[in-house]
Structures are given as structure tokens and as C-alpha cells.
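Inspection log for the structure reproduced underneath, given as C-alpha cells.
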Amino acid sequence: MKGEMATRVIVTTDSGTDVLDEEDEVLESHPEDQHEAILARFLAQGWEIEEDGP
């Protein structure tokens, strides 16, 4: 979460990793597990983790 309205959701499944916005629009799609790399990138940009888990 960044600011009051901006939200990003990282969804990782057997088919890869997607990044969704607050309206569930796909912003990024990767055919392999990129969860940790994407999470690290968002944290470096100043985003805050609201929830992390299955």
C-alpha cells in the first residue's frame, strides 16, 4: 500500500506471478515465481506491506 488509495497485490501461483492494482487490473505478469523480487522492489520504492501470506 502506498498512500491512502494506491494498492498493489502480488499473486503467485503455479503458473507465475501477477501484480494487480486496487481495481484488480493486471499491471505485470510473469510466467515464473517473482514474488520476492517484486516485493523487494516495492519496498525499495517506499511501499508498505499490509498483509503477506497465503
Side-chain angles (χ1 to χ4, degrees):
M1 186 164 86
K2 189 172 187 180
E4 291 187 29
M5 297 298 291
T7 301
R8 298 295 180 260
V9 178
I10 304 170
V11 180
T12 302
T13 64
D14 291 338
S15 60
T17 302
D18 292 329
V19 178
L20 311 175
D21 68 8
E22 60 274 353
E23 296 176 0
D24 291 334
E25 299 279 334
V26 177
L27 301 175
E28 295 178 40
S29 187
H30 304 272
E32 65 283 330
D33 182 346
Q34 292 292 310
H35 188 93
E36 293 299 321
I38 294 169
L39 182 59
R41 186 182 75 213
F42 282 131
L43 290 172
Q45 294 173 352
W47 290 80
E48 296 177 18
I49 298 172
E50 185 173 289
E51 181 179 337
D52 188 19

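Atom set for the values below is all heavy atoms of this structure, side chains included, hydrogens, waters and symmetry mates excluded.
Of the candidates Val9, Asp21, Asp18, Leu27 forms a side chain to side chain contact (heavy atoms under 4.5 Å, CB included) with just one, namely Asp21.
Residue Glu32 holds its CD atom at 13.5 Å from CG of Asp14, rounded to the nearest 0.5 Å.
Considering all non-hydrogen atoms of both residues, His35 and Ile10 come closest at ND1-CG2, 3.2 Å.
When atom types are taken as modelled, the side chain of Thr17 and the backbone of Gln34 share a donor-acceptor pair closer than 3.5 angstrom. Counting only distance, with no hydrogens or angles, the side chain of Glu28 and the backbone of Val19 share no donor-acceptor pair below 3.5 Å.
Using a 4.5 Å cut-off on side-chain heavy atoms (C-beta onward), Leu20 and Arg8 make no contact.
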- Do Ile38 and His30 pass the side chain to side chain contact (heavy atoms under 4.5 Å, CB included) test, and can you show the C-alpha distance, the side-chain angles, and the key distance before you say yes or no? CA-CA 10 Å; Ile38 294 169; His30 304 272; 3.7 Å; yes
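The hydrophobic cluster containing Val11 does not contain Ile49, counting ILVMFWY residues as joined when their side-chain heavy atoms lie under 4.5 angstrom apart, directly or transitively.
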